[in-house]
Amino acid sequence: FGLSLPAVAVLLVALLCLDPHCRVGSAPICAHGPSGCHIPSLADLFDRVIQHSARMHSLSNDLHSEFEQYFLPSKNHIGKIYRKCHTSNILTPNGKDNAQKLAREELTEVILKLLMAWRDPLFQLHQSMAHQQDFNSFSSNKALEMGDMAHELRKGVEKVAEKMRVLGMLGNSVTGLSAAEAMLPLSDSGEAMSDYELLYCFRRDSNKVQNYLKILKCRIVPEHDC
Amino acid sequence: MAAQKQRRERTAGELGTRGAQLQRTELTMNPSRGPHFTGCRSREQETFRCWWSAGTFQNLTEPGALRVFYQTKNALSEWQECPDYTRTVENECYFNKTYTQIWTSYCVQLRSVPQNITYDEACFTVENIVHPDPPIGLNWTLLNVSRSGLHFDVLVRWAPPPSADVQMGWMSLVYQVHYRVRNASHWEMLDLETGTQQSIYGLYTDKEYEVRVRCKMQAFDNFGEFSNSIIVHVAQIPSKESMFPTTLVLIFGVIGVVILLVLLIFSQQQRLMVIFLPPIPAPKIKGIDPELLKNGKLDQLHSLLSSQDMYKPDFYHEDPWVEFIQLDLDDPAEKNESSDTQHLLGLSRSGSSHFLNFKSDNDSGRASCYDPEIPNPKDLASLLPGHSGRGDNHPLVSRSSSSIPDLGVQKTSGVEETPIQTQPAVPSWVNMDFYAQVSDFTPAGGVVLSPGQLNSSPVKKKGEGNEKKIQFQLLSDGAYTSENTARLLSAGVPPSPGPEQGYQAFPTQAVEGNLWNGEYLVSANDSQTPCLVPEAPPAPILPPVSDYTVVQEVDAQHSLLLNPPSSQPAICPHSPNKHLPVIPTMPMGYLTPDLLGNLNP
């Protein structure tokens, strides 16, 4: 460029000064207090989170169906119905009554554990699907989206837990889920789980998360005949 | 392979779709079916049931022969027997809430305990075998009916099955509505609906419809049973009344349009006629307005016509009979070579030596010119019918140079030619002299032409008044002996107003186009002159007037044979006075020498 230094400086100043609103800065959304903007209530937060989990579960179901449609498990797998997922170690209530009987803190913790446990495996799943040429790009994109959704859902549930803690609904028994429990998705035999197994397991777990959240909301936010 | 495939398909059909993951293993491949599970279902995701059949094995139909064992695969647990064999229903095993674990793999086996044979096994997870109960409370309400009355829309409502816990969200259900025309074979399916109501559009009013609904768990594939069908029917409203105003409006609209068109045509008739039937252009002379020809002024027409080629003055040069004779009043003795007489004689001279000798005179050839004092000579221009006198009547077109009244005086001296000269546009033919008066015969047979003598005094005396009158008096210059002149000759009395009237008669007659056909009868005061109405004794004629002689024929020797005048003059058709004596027949317009002789006192 033949631009001289003063010209560049002038250009920069002009760009900066042209639109002062373009300056990016971090400002709190509701800086002016409760009247400034609408703070979502706990019920709203729960609704959002539940919607999110429903979408995530739907995605996992679609992926699983696709996988099963194109890659029927071989006959060898017939006998091996029982697939031990890596999250099987986590004690989860297996029914509505059990989940309702569980304490809120524990239920919340279970949810967070589950979501946390799937962070890395979903990433792996996406990587694995993207590399394979059998899957079309649409499926691999779904896997990526699923991973992102799981991540966002976890963040959302953490926010909800924080809110509940603030509101005094949760005791302090909820430990910090720093969760160094980085569980590697290992099958019984110790080898890495296949994509199909991962999908099968995640489909199950996403349904768990969705239902747990609904039960939790019903208990936290009293609604009609909950 | 085929059997295994069949087995798998049966599994999918009976126990749910592939997603049910109910995989069966048959230990025996028996074509005739042995005992087997017919299905396992959960209604609300809290309990489930399994059914089996003994198949063709008749010996195992008694209850208790076959037993169901299950195993949950959470942890390695032993096979347990069915917790509850339903008493009311045959071959059903019921797992209540206590024994139902969601998200847990189950395997059930059908065994015959005495023989320790496992006839069938099925593995599943409960959430994959959930088939919700049908919705309840299906009803419909009419949304609207189309304007034509042929279609209508309904809103269908239902309630979720009471067994499903949708309020807490334990089961999130989606619904599917079917409808069809009653007793039709094909059901119309609408999209999945998460709510408990749905609209159906575009139904026909005169048809009965069946509507039913079913539901399934969201993100799962197993639909429940259909609800009971309801009948939707809307009677068609007879819409004859709605048609009536429409037809009326149509009819009135058409009539209005027709009336408008007729009015339009009648109001714009002229324009339409011009557009559709353009007028044929009438022939016209290029550059000349036909209206002007009809009604225009003489001078306008003269200017117009002069601009045309056909009225070039050169036109007349071609005609030897038409000449422009210059009259020099200052020098009456000057000869004009181009006089009529000369031409007349010139022709004959070229032809034969026997022709009339022309006694050239100083004044011969002198033509009276167009008198500029003559007021409005152009009026006579309109009298000229173009150049119609080409054939019979040679219009004398000559240049005017002098005044006629003076001419008369001058010409009394000698033989003079006083042909009247006029401009082309002012064909004062009344002043023209085509003929030279023969005054005398030479012994050699030649004809001596003498200029007409005219006493212009009568003209002057009558100077006022009618122009045509004056011009007619000019007629008597030289060639013609006008009535007045004849009068003068005979009686030497100034002409009275009487003959003037007679003269007035002449112009009118002349206008009609008969220039030389005997209109100008020079009459004497006596009755011998035809077509004269002299009511007074004729004026005394001052000098003797030269005579006219009609050239009857030309004999073989190229000599003119002149007719003696007859004593019977022709009767002037226009003579108002009947008492006029009949003049011996002769060509009209000529005064024979005899007559003239009689006129002379």
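Quick note: numbers below take in every heavy atom, side chains included, and nothing from hydrogens, waters or symmetry partners. Order of the sequence lines sets the chain letters (A, B, ...), proteins ahead of strands, with each chain counted from 1.
- Scanning all heavy atoms of the two residues, the minimum distance from A:Y200 to B:S105 falls at OH-OG, 4.0 Å.
- The neighbour count for B:E81 CD, taken as heavy atoms of other residues, nucleotides or ligands under 6.0 Å away, is above 12.
- Residues B:Q45 and A:K96 are not in side-chain contact: their nearest non-hydrogen atoms beyond the backbone lie 4.5 Å or more apart.
- When all heavy atoms of B:A219 and A:S58 are compared, the closest pair comes out as CB-CA, 4.3 Å.
- Rounding to the nearest 0.5 Å gives a distance of 11.0 Å between OG1 of B:T100 and CG of A:N94.
- A donor and an acceptor atom, one from each side chain of B:N128 and A:R204, are nowhere located under 3.5 Å apart.
- Within 6.0 Å of CG on A:D44 lie more than 12 heavy atoms contributed by other residues, nucleotides or ligands.
- Aromatic pair A:Y212/B:W170: centroids not less than 6.0 angstrom apart.
- Remark: A:I215 CD1 to B:D165 CG distance equals 9.0 Å, nearest 0.5 Å.
- For the atom pair CZ (A:R203) and CD (B:E127), the distance works out to 7.0 Å, reported to the nearest 0.5 Å.
- Separation of atoms CG (A:N211) and CE (B:M168) is listed at 7.5 Å; rounding is to 0.5 Å.
- Atom CZ of A:F123 has 12 or fewer neighbouring heavy atoms from other residues, nucleotides or ligands inside a 6.0 Å radius.
- The local environment of CG in A:L91 is sparse, with at most 12 non-hydrogen atoms from other residues, nucleotides or ligands closer than 6.0 Å.
- With chain B as partner, the option from A:A54, A:S60, A:G95 having the largest number of non-hydrogen pairs under 4.5 angstrom is A:G95.
- For the residue pair A:Q210 and B:S172, the shortest heavy atom distance occurs at NE2-OG, 4.1 Å.
- Within the 4.5 Å cutoff, the side chain of A:H57 has no heavy atoms near those of the B:Q218 side chain.
- If you measure heavy-atom distances from A:N207 to chain B, the contacts under 4.5 Å come from both the backbone and the side chain.
- With rounding to the nearest 0.5 Å, the separation of CH2 in B:W103 from SG in A:C85 is 13.5 Å.
- Heavy-atom contacts from other residues, nucleotides or ligands closer than 6.0 Å to CD of A:E152 number more than 12.
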